[in-house]
Structures are given as C-alpha cells and as structure tokens.
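Both counts, for ligands and for their atoms, begin at 1 and track the order of listing. For this chain, numbers begin at 1 and follow the sequence in order.
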Amino acid sequence: MKIAIVGCGDRSVRLMKIFDQYAFQEIHPLVVAVVDIAPDAPGVQIALQKGIPVFADYQELLPRTDIDLIIELTGKDDIFNDLLRRKSKSVRIISSQTVKLFWELAYASRLQEQTSRELNETRAKCKMIMDELIQEEVMIIDQDYTIADINKHLLNKLGLKKEEVIGRRCFEITHHRDTPCSGENHPCPLIETLQSAMPSQTTHIHLDRHNRQIYYSISTYPIIERGDVTGAIEIARDITREINVQKTLMQQEKMASIGRLSAGVAHEINNPLTTILTSAMLVQEELRQDDPNYEELQIIANETLRCRKIVSSLLDFARQHKPHKKMVNLNEIITESVLLTHKQAAFKDITVQSRLAPQVPDQMLDKGQIEQALINLILNAVEATPEGGTVSISTDLMPGGDAIHVAVADTGSGIEKDYLDKIFEPFFTTKESGTGLGLSITHGILEQHGGTISVESTVGQGTCFNIHLPIAKGQADDTKHTRSGGGR
Ligand code: ADP
Ligand code: MG
C-alpha cells in the first residue's frame with residue numbers, strides 16, 4: 001500500500017517508524033511521499049534520510065494515481081476538505097482525527113493487554129505462594145462461607161479435588177456440618193474477622209481415627225476491597241506437636257515435684273505405721289481368739305499392712321533408680337512376667353496369650369524394671385477384664401529393625417475418653433483399692449529406656465497399650481553408680 005503523508009510533525013515520525021518496524025500481516029505500507037512547507041520538520045528529515053520524495057505543497061499530490069492512501073496529519077480542515085474534493089478517485093484519505101482515534105484505541109487495547117497480563121502473573125504468583133511456599137492449610141472464604149480458593153496442602157489432607165470444594169461452604173468441607181462452627185472446641189474465627197475486619201485466631205481440637213487429639217491453630221485475615229470486608233483468608237496449622245511437647249514438659253515438672261513430695265511423706269508415714277502394726281500385734285498376742293477385741297485388732301493390722309503397701313509403691317514411684325542395663329532378651333522378660341502374673345489371671349479364668357516375634361535381638365535393658373513395667377500392664381489388663389476374657393501380649397520388630405513394639409491388649413472394660421490422658425498421672429485410679437501409681441511407674445521406666453508408651457481403648461471392647469523400645473545394642477552400662485534421687 002503506497003502512502004503519502006501530509007504534515008510532517010512528530011506524529012508522522014511515529015507513523016513512519018511503525019511502518020518500518022512492525023511486521024504487518026495483510027497490508028504492506030510503504031511511504032512514497034511526504035508534504036510539509038517547513039523543510040526542517042522532523043518527518044521531512046526522516047524522509048530525506050530514507051530517500052522518500054518530499055514536497056512543500058500538498059497540491060502536488062492531487063494529480064497522482066499511484067498513491068493508495070493519503071494520511072492527513074496537519075489537522076487543518078481546509079486542507080483535508082480540499083484534498084478530499086480534488087484527489088483522484090482511486091486514492092483514499094484519512095484525517096488526522098481518524099488517526100488520533102486509532103492511536104487511542106491501540107493504546108487502550110495495549111493497556112488492557114498489559115493489565116490482564118499483570119493480573120495473570122499476580123494470579124500465578126498467588127497460586128505458587130498458596131500451593132508451594134505456605135506449608136499451612138489455606139482457604140479463601142467469601143462472606144457467605146463459600147470457598148473461593150483452597151491450597152494443595154488442604155486438598156491433599158481432605159483427599160478432595162479442587163472442583164469438589166470450590167463453591168461449597170467451609171464448614172461442610174472441613175467439619176461435615178451444615179451450620180457454621182460454634183461451641184467450645186469449634187469457635188468460628190471467621191465470623192469475628194468478617195464483623196470486625198480484624199485478624200482473628202483460635203484453636204480447634206479434632207480427634208483422629210485413633211481417638212488422639214489433634215490441635216489446630218486457625219488464623220483468619222480479612223480481605224478488604226474498596227473499604228468493605230468481602231471475605232477472609234483462613235490459615236490452619238497443626239500444632240499438636242508443640243502442644244504435646246509443652247504438655248510433656250509440664251507433666252515432667254509435675255512428676256518431679258510429686259516425686260519429691262511422696263518421698264518425704266512416705267518416709268514419715270512408714271515409721272509410725274510400723275509402730276501401729278507391731279503394737280496391734282503385741283496387744284493381740286495377749287488376747288484369746290474369742291475375745292471381742294481380737295477381731296478388731298486383726299482389722300487394724302490388716303489395714304495398716306494395706307497402708308504399708310501403698311507407701312511402698314509410693315517409694316517405688318518416688319525413688320526410681322536409673323536403670324542398670326544389661327544385654328537381655330525382651331521375649332524372655334515377657335515370658336517371665338506372664339509366669340509371675342499367672343496366678344492372678346488363672347484366678348479369674350483369664351487366658352494370657354503371647355505371640356512373640358521369633359527374631360527379637362538381645363538389647364540393653366534393666367530386666368527388673370522392664371519386668372515391673374510389664375507386670376503393671378498385665379495386672380491392669382487382668383483387673384479390667386471380666387472372667388473368661390483374654391489378655392494378649394505380642395512383640396514385633398519395627399521395620400528398619402531399630403525398635404521393638406510390644407502390645408498388651410485386653411478384652412476388658414476399656415477406658416473412658418476423658419480419662420485417657422489422665423491414666424499415666426500418679427495417683428489417678430478408678431479402683432477402690434488402687435494406688436494409681438502402676439502406669440506412672442511404667443511410663444517412667446520406659447522413659448528411662450528411651451522408649452514410649454501409648455494407649456488405644458474403646459469402652460466396652462478393650463484396651464491396648466503400645467510400647468516402643470529402641471534397640472540399643474552393646475551400649476555400656478554407664479548408670480551403675482547413679483541414682484535418680486527423689487523424683488523424675
Ligand atoms: P491402679 O491400677 O492402681 O488404678 P494404674 O496407674 O495402674 O493404677 O492405672 C490407672 C487407671 O488406669 C486404672 O485405675 C484404670 O482406670 C485405668 N486402666 C489402666 N489399665 C487399664 C486397662 N487395661 N483397662 C481399663 N482401664 C485401665
Ligand atoms: Mg495398676
């Protein structure tokens with residue numbers, strides 16, 4: 001397309017540059033003449049450099065038929081009208097106004113393209129931050145609780161696809177409820193953020209499939225658009241580990257002070273108890289068996305003996321020795337513990353089954369202490385199981401071979417959910433003549449061996465205590481001369 005430009009100001013320069021640089025698809029513009037009365041006009045300079053013919057008077061263009069298009073850039077109506085009237089019929093013409101319009105349109109569409117490119121880039125960045133960088137679970141929630149976006153972590157955790165979640169309501173997806181969360185364990189932080197336009201934070205407690213408590217710290221931040229809260233970003237983080245570490249520390253501190261206290265009290269009580277017992281027995285010796293006081297004195301002696309038993313387990317609890325470890329086989333310790341508790345089980349017609357893994361290696365253990373721990377568990381199981389029930393003990397080598405798992409399971413009464421985190425506390429008992437010290441001693445012993453103990457229980461069906469003991473082979477008995485003092 002052959003073009004003549006009339007008026008060689010800055011705009012003509014821009015046009016010529018575009019014609020030069022841009023690869024046009026359908027037309028191939030070529031400037032064949034420029035017109036301006038000023039010989040130093042910028043467009044004239046360019047035309048001269050490129051060897052394009054320059055004219056001072058637009059009338060020179062009128063007779064020409066080799067031109068396809070005249071672009072009028074002077075902005076002067078009389079020139080445009082004159083050209084329009086007198087140009088050859090085959091020549092088309094556009095005014096500087098039309099050029100301006102196209103110029104604006106081009107600018108607007110470029111701006112739009114840029115904004116949408118920037119928007120796409122921002123979206124991609126947000127997605128990357130939500131899915132890859134933030135290790136927490138994130139949702140973007142609208143004012144009416146519908147989920148507008150959700151990150152990969154939360155989707156993986158829920159086992160759902162994005163399209164199954166977007167548009168549904170947050171409480172349906174994360175809590176399987178049909179109304180917003182509420183109540184002590186599930187306060188809704190979103191409501192507060194939507195109302196106050198301020199960030200809010202709360203903790204939710206969930207139960208996993210083993211009935212273990214999982215703590216979630218949930219934070220919400222308002223999304224504010226043109227001064228209004230239109231939704232919120234909700235970030236949830238599993239803080240169970242932190243909470244458990246905190247709980248363990250508190251528990252250890254509590255145990256240590258209870259230990260010190262018990263040691264002191266037990267000591268003080270032991271001597272008077274011995275005096276009561278011997279005095280009662282001495283007086284009893286003086287009496288005939290049919291004396292009415294004889295029976296009463298027997299009761300005093302028996303009850304005092306019971307107190308001494310409690311005091312002795314208190315001392316066991318308080319003065320736990322550091323373990324004296326030797327290479328022993330856990331399976332053998334289990335077999336002995338079963339033998340030692342045989343009488344109590346047989347008395348209630350309870351079958352004690354053991355299923356021991358054949359290749360359990362010897363390991364460094366304090367035999368006496370581990371035996372005590374196992375006996376505590378077996379006796380508890382026997383006590384919780386009705387006549388004719390079963391108690392089973394099993395050992396398994398953990399994959400990797402660096403720990404042994406021992407399970408002591410029963411078909412007994414089970415433990416109420418509220419009691420589950422209390423049973424390892426000293427003095428917690430649900431039995432009339434219990435001391436509540438068995439499990440706390442067991443817990444302490446396993447701790448001293450670098451092991452762990454946990455419990456799973458269903459009321460009415462039974463209980464299983466799981467022990468994990470690391471296998472530390474050939475480690476020297478470095479604790480021979482030390483004692484743990486008053487507490488743990
Ligand atoms: P104690 O046996 O003297 O009560 P423990 O520390 O051995 O003290 O146990 C604490 C409590 O834990 C028991 O009173 C009982 O409520 C509960 N418990 C322990 N083991 C079992 C079990 N196998 N089945 C049901 N409850 C159990
Ligand atoms: Mg017990």
Can you name the closest pair of heavy atoms from I415 and V459 and give their distance? O-CG2, 3.5 Å
Determine the minimum heavy-atom distance between L273 and C307, stating which atoms define it. CD1-CB, 3.7 Å
Element-labelled atoms of ligand 1 that are located less than 4.0 Å from some non-hydrogen atom of G438: 5 (P), 6 (O), 7 (O)
Strictly under 4.0 Å, does any heavy atom of Y419 approach an atom of ligand 1? no
Sequence neighbours excluded, which residues qualify as side chain to side chain contact (heavy atoms under 4.5 Å, CB included) partners of F24? I18, F19, Y22, I27, P29
For the CD1 atom of I173 and the CE atom of M139, what is their distance to the nearest 0.5 Å? 8.5 Å
Under 4.0 Å to a heavy atom of L439 - the qualifying atoms of ligand 1, by number: 5 (P), 6 (O), 7 (O), 9 (O), 12 (O), 19 (C)
How far apart are the closest heavy atoms of N329 and N331, and which atoms are they? OD1-N, 2.9 Å
G436 to ligand 1, any heavy atom closer than 4.0 Å: yes
Atom 25 (C) of ligand 1: of I415, D410, T442, the nearest heavy atom sits on I415
Identify the closest protein heavy atom to atom 12 (O) of ligand 1: which residue and atom is it, and at what distance? I423 CG2, 3.3 Å
Atoms in ligand 1 flagged as close to T435, the criterion being non-hydrogen separation under 4.0 Å: 3 (O)
Under a 4.0 angstrom heavy-atom cut-off, which atoms of ligand 1 come close to G414? 25 (C)
To check your reading of the model: name the closest protein heavy atom to atom 24 (N) of ligand 1, its residue, and the distance in Å. A384 CB, 3.2 Å
Contacting atoms of ligand 1, where contact means under 4.0 angstrom from a heavy atom of A381: 23 (N)
Taking only non-hydrogen atoms of G434 and a 4.0 Å limit, the atoms of ligand 1 in range are 3 (O)
Please give me the protein atoms (N, O or S only) lying under 2.8 Å from the Mg ion (ligand 2), ordered by chain and number. N380 OD1
Write out the residue and atom name of the closest protein heavy atom to atom 19 (C) of ligand 1, then the distance separating them to 0.1 Å. N380 ND2, 3.5 Å
Could you state the interatomic distance from OG (S337) to CG (L377), rounded to the nearest 0.5 Å? 9.5 Å
What distance separates E425 CD from Y419 OH, expressed to the nearest 0.5 Å? 12.5 Å
Kindly determine whether H449 and D366 satisfy side-chain hydrogen bond (donor to acceptor under 3.5 Å, both in side chains), including the steps that lead there. CA-CA 8 Å; H449 281 80; D366 182 320; 5.7 Å; no
Can you tell me how the ring of H443 sits relative to the ring of F424, calling it parallel under 30°, perpendicular over 60° and tilted otherwise? tilted
Looking only at protein heavy atoms, which one is nearest to atom 2 (O) of ligand 1, and what is the separation? K431 NZ, 2.7 Å
Under a 4.0 angstrom heavy-atom cut-off, which atoms of ligand 1 come close to F428? 10 (C), 11 (C)
Looking only at non-hydrogen atoms, find the nearest pair between V229 and Q143 and report the distance. O-NE2, 3.2 Å
Cut-off 3.5 Å, side chains only: do Q372 and N376 have a donor facing an acceptor? no
Taking the side chain as every heavy atom from C-beta outward, state whether V328 and I333 have any atom pair closer than 4.5 Å. yes
Give the atom numbers and elements of ligand 1 that come within less than 4.0 Å of a heavy atom of T430. 13 (C), 14 (O), 15 (C), 16 (O)
Do D362 and K326 meet the salt-bridge criterion of a basic N to acidic O distance under 4.0 Å? no
The closest protein heavy-atom partner of atom 4 (O) of ligand 1 is T429 OG1, 2.6 Å
Heavy atoms only: give me the nearest P386-G412 pair and the separation to one decimal. CD-CA, 4.0 Å
